[in-house]
Amino acid sequence: MEYSKLWLDYKRGECSGFDRIYYNSDDRCVVSAARELQSAIGEMSGIYPELAERRELTDENGIWLLCGKNDGKYYDLNMQSYKIEEKDGSIIVASYGAAGVLYGAFALIRKMRLGETELTEEKTPSNPLRMLNHWDNPDGSIERGYSGNSFFFKDGEIIINERTRDYARLIASVGINAVVINNVNVKDEALYFITDRYFGKIRGIADIFADYGIRLFLSANYASPIDIGPLDTADPCDERVREWWRNKAAEIYRALPDLGGFLIKADSEGRPGPFTYGRSQDAGANMLADALEEFGGIVIWRCFVYNCRQDWRDRKTDRAQACYDNFINSDAHFAPNVILQIKNGPVDFQVREPVNPLIGAMSFTNQMMEFQIAQEYTGQQRDLCYLIPYFKEILDFKMCRHPDCDTVADYVSGKAFGNRLCGVCAVTNTGNDYNWTGHDLAAANLYGFGRLAFDNDLSAEKIAGEWIEQTYGGNTLVMEIVSDMLMRSHAVYEKYTAPLGVGWMIEPADHYGPNPDGFEYSRWGTYHYADREGVGVDRTIAGTGYANQYAKPLAQMYGNVDSCPDNLLLFFHHLPYSHVLKNGKTMIQHIYDTHFEGVKDVREFIRLWRKLESVIDDGVYRRVKERLLMQLDNSVEWCDIINSYFYRKSGAKDEKGRRIY
Ligand code: GCU
């Protein structure tokens, strides 16, 4: 096998046999559900059940897959909800829609494998959209990809093979229902994905996805009318541009009737957008939305709009403010088929950032949260960093904007304001490596993101446990050790990298490894202002004023040194090294201690992992051990560089007399 089956590696003995699977609909998702159950049960029990079509439920014993009317809108939660029941010796999986039947079938398989005796369950997904964003380029490279090359593209061609289907199976099994197959930075050959040069093959992928209830989306270049031609403008208010997109949409949907729509990165990091023409973000988004509307298409418009050509001497401009400032005044301006895609923090996927203040601030606008599981700034799938506890913390966070229904999850799911098109997405972490995710244990982020997106109530620990058991079997030692490592890993990564929420301090070239002044005098707007007195960014009213973008209770909490949580202290305040933290330590001592501790924790991971030699599969053991050794080198480098940096700035000695350079 060229690639791992990940958590869909069914093991003999995980369930007992069933003779029959009945299904009442020939919808492709229902048929996929029946086949998935058949092969899963076959592989686990040794007996492959027969499939039989029945229009109505009868008293024949078996597993019944029952699909209702299946006539709602694609993202309706009803269509995606399911119910599992045990009745007179049969198991019934029922849903109003075909996708719901598929999720129910995968849930049943999971329950059998996890040995759950209670099969009865009713579930409605927490989020209408549960999406993965690939940053894959047509040449096969992946922007911020750390697990090989693309399995969608190679040398300008689209690849369709068994792996495409297995990918769809994997992500559908955790409830993903939308995938953007190409990079948000749409350049070169990718420009032509919306032309007939690529329609045939893209349709091929879309068809496979449709078998698993997944909608394919494309990233498109905002300036396509110029770059594909023949226009010399992309001004959203120019009638020629509007017509160009209307004709383009008609052409695309003739060839790709199931296309979900476009993901757009405009006015961001050199990408063109409406600002180029003095127009607003909503003017740009709505122009595209208008073109797609007739075909049921959606425009997902990224809010990662900021000036990346800042002058480091300018102390007023604060990149963290840009997202909110660029969008907050356009609530109610966006068309109903536009969704704003908002990064979880105001800057860029750092190991710790406050929640983006735009979340929940616009009641009439569809919004979705953008996470990143690619670990660009969190160890790049070389260092272990299970992100689900952090995502969970973010989703559970209260924005203090409403008396009830106020968590980030309430806003991004659409629950708070009753918006229909909302949800979560993640910049994904897959590539064509054997193990899909570079680090074997990084697959827990892929699995976990899907599970959490489907069910916000699951704990990070429960998700980790499910993933471990389905991937490696239920050996107690494996379960205990891997779960412990995963659950601690985000905190460990946070300990040995940039301290107390200040972020960055990474190598600018590849965003891996320490370089405390790497971005300090650069144009990217990501500074920490360390000098001999102190470090951190004053984002209070006296400083850049960013803290005021939050509702009052949060603005006050962050704006005050005493109430600001320590893990975000330097994100909001510039403080002297002698500042005493809530744990009673001076800031400088805390920096020294956490960095030494982080390295110690990684050594502990290695010690724990060694216990699994000859308990876990040899290949897995070897690959993970290699990664942990790389992580140890990285953590030592971070620890020594960060500690030396702050020691040299502050001149403050380590109370414990450890070696600092
Ligand atoms: C980060 C990342 C880029 C990416 C950008 C984005 O800045 O480093 O590679 O293009 O985010 O989200 O658009």
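In listed order, ligands and their atoms are each counted from 1. Only heavy atoms go into these numbers, but all of them, side chains included; no hydrogens, no water, no symmetry mates. This chain uses plain numbering: 1 for the first residue, then up along the sequence. Predicted, not measured: the structure shown is a model, and the values here were computed from it.
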Is the Lys NZ or Arg CZ of [X] less than 6.0 Å from the centre of [Y]'s six-membered ring, within 45° of the axis?
X	Y	result
R382	Y512	yes
R215	Y74	yes
R197	Y192	yes

Closest heavy-atom pair, Q375 versus Q372, reported as atoms and distance to 0.1 Å, is N-OE1, 4.0 Å
Closest approach of Q281 and P274, non-hydrogen atoms and distance? NE2-CG, 3.8 Å
Electrostatic pair D311-R523, nearest N-O below 4.0 angstrom: no
Among all protein non-hydrogen atoms, which one is nearest to [atom], and what is the separation to 0.1 Å?
atom	result
atom 5 (C) of ligand 1	E269 OE1, 3.2 Å
atom 13 (O) of ligand 1	K265 NZ, 2.6 Å
atom 8 (O) of ligand 1	E376 OE2, 2.5 Å
atom 1 (C) of ligand 1	D348 OD2, 3.0 Å
atom 9 (O) of ligand 1	E143 OE2, 2.4 Å
atom 11 (O) of ligand 1	K343 NZ, 3.2 Å

Answer yes or no: does an N/O atom from [X] fall short of 3.5 Å to an N/O atom of ligand 1?
X	value
Y306	no
S268	no
R144	yes

Angle class for the Y529/Y527 ring planes (parallel below 30°, perpendicular above 60°, tilted otherwise)? tilted
Is there a heavy atom of E370 sitting under 4.0 angstrom from any atom of ligand 1? no
Is the ring centre of W301 less than 6.0 Å from the ring centre of F262? no
So the atoms of ligand 1 within less than 4.0 Å of a heavy atom of F304 turn out to be 5 (C), 6 (C), 7 (O), 11 (O), 12 (O), 13 (O)
Has F364 got more than 12 heavy atoms of other residues, nucleotides or ligands less than 6.0 Å from its CZ? no
So for F349 against ligand 1, with non-hydrogen atoms under 4.0 Å, the contacting part is neither
What part of Y377, side chain, backbone, both or neither, has a heavy atom within less than 4.0 angstrom of ligand 1? side chain
